[in-house]
Amino acid sequence: MKIPEMMHAMVLEKVGLPLVYKDIPVPVAKGFQVLIKVKACGVCQTDLLIIDGELTCPKLPVVPGHGIIGRIVCKGATVGNFYNGDLVGVPWLGHTCGYCKFCLEGKENLCDKASFTGYTMNGGFAEYVIADIRFCIGLGAEYDSPSATALLCTGLIGYRSFSMIEVSAKNIGIYGFGQAAQIITRIAKLQGKRLFAFTRETDKEAQIFALRIGADWAGSSNESPPEKLDAAIIFAPEGELIPKALMNVDKGGQVICAAIQMTDVPAFPYHLLWGERSVRSVTNTTRQDNAAFFELLKNIPVHIQTEIFELKQVNDAILKIRHGKVKGSAVLIME
């Protein structure tokens with residue numbers, strides 16, 4: 001296909017302002033890079049954190065957007081095993097240095113020199129995007145759908161959060177029942193776990209939905225579950241949930257914090273932590289996580305509700321996310 005010189009994109013020019021629809025040059029793939037014609041890109045809370053300046057070091061101007069699905073249309077000279085026309089996914093982690101202590105220890109998600117899609121490098125709110133093929137995920141035809149963008153964002157971070165839990169854990173609590181929680185519920189139930197869903201007190205709809213897709217109990221985050229938990233994952237960005245979760249986990253239990261940012265954690269008495277309970281955060285994902293998650297998905301049917309927007313409508317999508325008006329995942333489509 002003929003590649004144009006210019007493309008449409010939604011650009012963040014200044015923190016705190018709406019994205020601007022404009023024409024920018026189509027980037028050129030070099031080395032391990034591929035040029036991808038974007039088919040769909042997710043819009044999520046992390047994009048709001050970038051736009052609002054809560055994630056403080058964006059490359060400005062920047063094209064936001066991660067969780068990208070598209071096809072390779074051009075590749076750099078050192079790209080092997082991928083070809084024009086291949087369907088690929090582009091996650092949040094876009095590049096790491098490869099030689100720092102974290103990279104050498106298999107903890108590339110902690111690399112201090114990492115680059116992130118749609119934050120420190122241009123992302124998928126555009127017709128084309130450049131990506132390092134070593135950090136892309138090759139996708140089969142079954143993922144050629146806007147709904148699959150959620151797997152490359154909340155799906156991956158949910159999987160890493162879940163994988164931090166000890167295999168022996170049986171009763172697992174989930175605080176914040178969004179897309180990541182839905183995917184994890186299906187994985188956990190397949191493994192014979194018991195799921196306890198915690199939502200906002202007023203969100204009866206989410207509680208009913210959690211029970212419908214397999215949760216063994218659902219209630220408010222102010223309630224105590226009928227059984228002690230072995231572990232809890234907190235997807236909601238509310239620090240006050242940490243002591244609440246600690247109250248509900250048994251001795252030796254784990255509390256995993258999956259949000260990229262949380263509000264301040266209130267002071268709590270030491271006895272909530274005592275008994276070898278632990279609190280642990282999740283930071284990004286690794287390529288090993290990505291491969292393991294998509295291997296696992298081969299045995300798990302995952303259906304994700306999406307609300308579709310065109311590229312020019314991204315500011316509308318962002319506004320709806322702010323007010324909790326999006327049912328499922330917000331996805332931009334380019335074709």
Side-chain angles (χ1 to χ4, degrees), residues 91-93 105-110 150-151 153-199 210-211 213-219 221 223-262 265 268 272-300 302:
W92 171 248
L93 184 65
E105 292 173 0
K107 301 175 183 177
E108 65 181 10
N109 57 308
L110 302 179
L151 299 173
C153 180
T154 54
L156 287 173
I157 205 69
Y159 171 76
R160 182 168 179 84
S161 304
F162 182 73
S163 66
M164 287 182 173
I165 294 174
E166 293 181 3
V167 175
S168 60
K170 184 74 172 179
N171 292 347
I172 299 173
I174 298 181
Y175 289 79
F177 212 82
Q179 291 292 341
Q182 294 172 36
I183 296 167
I184 292 309
T185 295
R186 291 185 171 93
I187 294 174
K189 296 303 292 184
L190 188 69
Q191 297 180 1
K193 313 289 188 183
R194 288 173 56 78
L195 262 292
F196 300 80
F198 297 83
T199 72
L211 292 170
I213 67 168
D216 296 275
W217 175 90
S221 58
E223 296 181 65
S224 295
E227 302 175 39
K228 277 290 188 182
L229 306 175
D230 299 311
I233 303 174
I234 301 176
F235 288 113
E238 299 163 12
E240 65 179 25
L241 293 176
I242 292 177
K244 290 180 179 180
L246 285 170
M247 290 176 62
N248 291 326
V249 297
D250 208 348
K251 289 183 288 186
Q254 303 165 270
V255 175
I256 310 297
C257 304
I260 193 170
Q261 279 198 345
M262 297 186 82
V265 182
F268 58 87
L272 293 182
L273 189 61
W274 189 78
E276 299 193 353
R277 296 172 178 86
S278 64
V279 178
R280 187 174 180 184
S281 68
V282 178
T283 304
N284 311 318
T285 63
T286 67
R287 284 173 284 180
Q288 289 77 15
D289 294 325
N290 302 349
F293 176 56
F294 277 89
E295 181 65 28
L296 189 61
L297 288 178
K298 292 179 180 179
N299 301 312
I300 302 173
V302 176

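As a basis for the values below, the full set of heavy atoms in this structure was taken, side chains included, without hydrogen atoms, waters or symmetry mates.
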Open item on the list: Just verifying a value: how many Å separate S161 OG and L156 CG, rounded to the nearest 0.5 Å?
Closed with: 10.5 Å

- [ ] Kindly indicate whether the side chain of I187, heavy atoms from C-beta on, has any atom under 4.5 Å from the side chain of F293.
- [x] yes

- [ ] Heavy atoms only: give me the nearest W217-E223 pair and the separation to one decimal.
- [x] CZ2-OE1, 4.0 Å

Task: Any donor-acceptor N/O pair, D250 side chain to L229 backbone, under 3.5 Å - done: no

TODO: Please confirm whether the backbone N or O of N171 pairs with a side-chain atom of E227, one donor and one acceptor, at under 3.5 Å?
DONE: no

Task: Atom pair CZ (F177) and CD1 (I184), whose distance is rounded to the nearest 0.5 Å - done: 10.0 Å

TODO: List the atom of L241, the atom of S221, and the distance in Å for their closest heavy-atom pair.
DONE: CD2-CB, 3.7 Å

- [ ] Might you work through the side-chain contact (heavy atoms from CB on, under 4.5 Å) test for I260 and W92, ending with a clear yes or no?
- [x] CA-CA 12 Å; I260 193 170; W92 171 248; 4.2 Å; yes

- [ ] Report the C-alpha separation of E108 and R287 in whole Å, then their side-chain angles, then the decisive distance to 0.1 Å, and conclude whether the side-chain contact (heavy atoms from CB on, under 4.5 Å) test is met.
- [x] CA-CA 8 Å; E108 65 181 10; R287 284 173 284 180; 2.8 Å; yes

Open item on the list: I'd like to know if the side chain of N109 reaches the main chain of N284, judged simply by a donor and an acceptor atom lying under 3.5 Å from each other, with no hydrogens or angles considered.
Closed with: no

Open item on the list: Within this structure, what is the CZ-CD1 distance for the pair F198 and I233, rounded to the nearest 0.5 Å?
Closed with: 12.5 Å

Task: Atom pair CG (D289) and CG (L296), whose distance is rounded to the nearest 0.5 Å - done: 12.0 Å

- [ ] Quick one: do D230 and S168 satisfy side chain to side chain donor-acceptor pair (under 3.5 Å)? Show the steps, please.
- [x] CA-CA 9 Å; D230 299 311; S168 60; over 6 Å; no

Open item on the list: What's the separation between atom CD in Q191 and atom CD1 in I165, rounded to the nearest 0.5 Å?
Closed with: 10.0 Å

Open item on the list: Closer than 3.5 angstrom, by distance alone: can the side chain of K170 be matched with the main-chain N or O of R194 as a donor-acceptor pair?
Closed with: no

TODO: Kindly indicate whether the side chain of P91, heavy atoms from C-beta on, has any atom under 4.5 Å from the side chain of N290.
DONE: yes

- [ ] For Q261 and P237, work out which heavy atoms get closest and say how close.
- [x] O-CB, 3.3 Å

Task: C257 side, atom SG; M164 side, atom CE - distance, nearest 0.5 Å - done: 10.0 Å

Task: Shortest non-hydrogen contact from A180 toward G158 - done: CB-CA, 4.3 Å

TODO: Tell me, with the steps shown, if L246 and L273 meet side-chain contact (heavy atoms from CB on, under 4.5 Å).
DONE: CA-CA 7 Å; L246 285 170; L273 189 61; 4.3 Å; yes

- [ ] For the pair R277 (side chain) and V249 (backbone), establish whether a donor and an acceptor sit closer than 3.5 Å, ignoring hydrogens and angles.
- [x] yes

TODO: Would you check, one step at a time, whether the test side-chain contact (heavy atoms from CB on, under 4.5 Å) holds for I183 with Y159?
DONE: CA-CA 8 Å; I183 296 167; Y159 171 76; over 6 Å; no

Task: Sub-4.5 Å side-chain heavy-atom contact between T154 and F235 - done: no

Open item on the list: With a sphere of 6.0 Å drawn around NZ of K189, does it hold more than 12 non-hydrogen atoms of other residues, nucleotides or ligands?
Closed with: yes

Open item on the list: For E166, I'd like to know if atom CD has over 12 heavy atoms of other residues, nucleotides or ligands within 6.0 Å.
Closed with: no

Task: Minimal non-hydrogen separation, A245 against Y175, with atom names - done: CA-OH, 3.5 Å

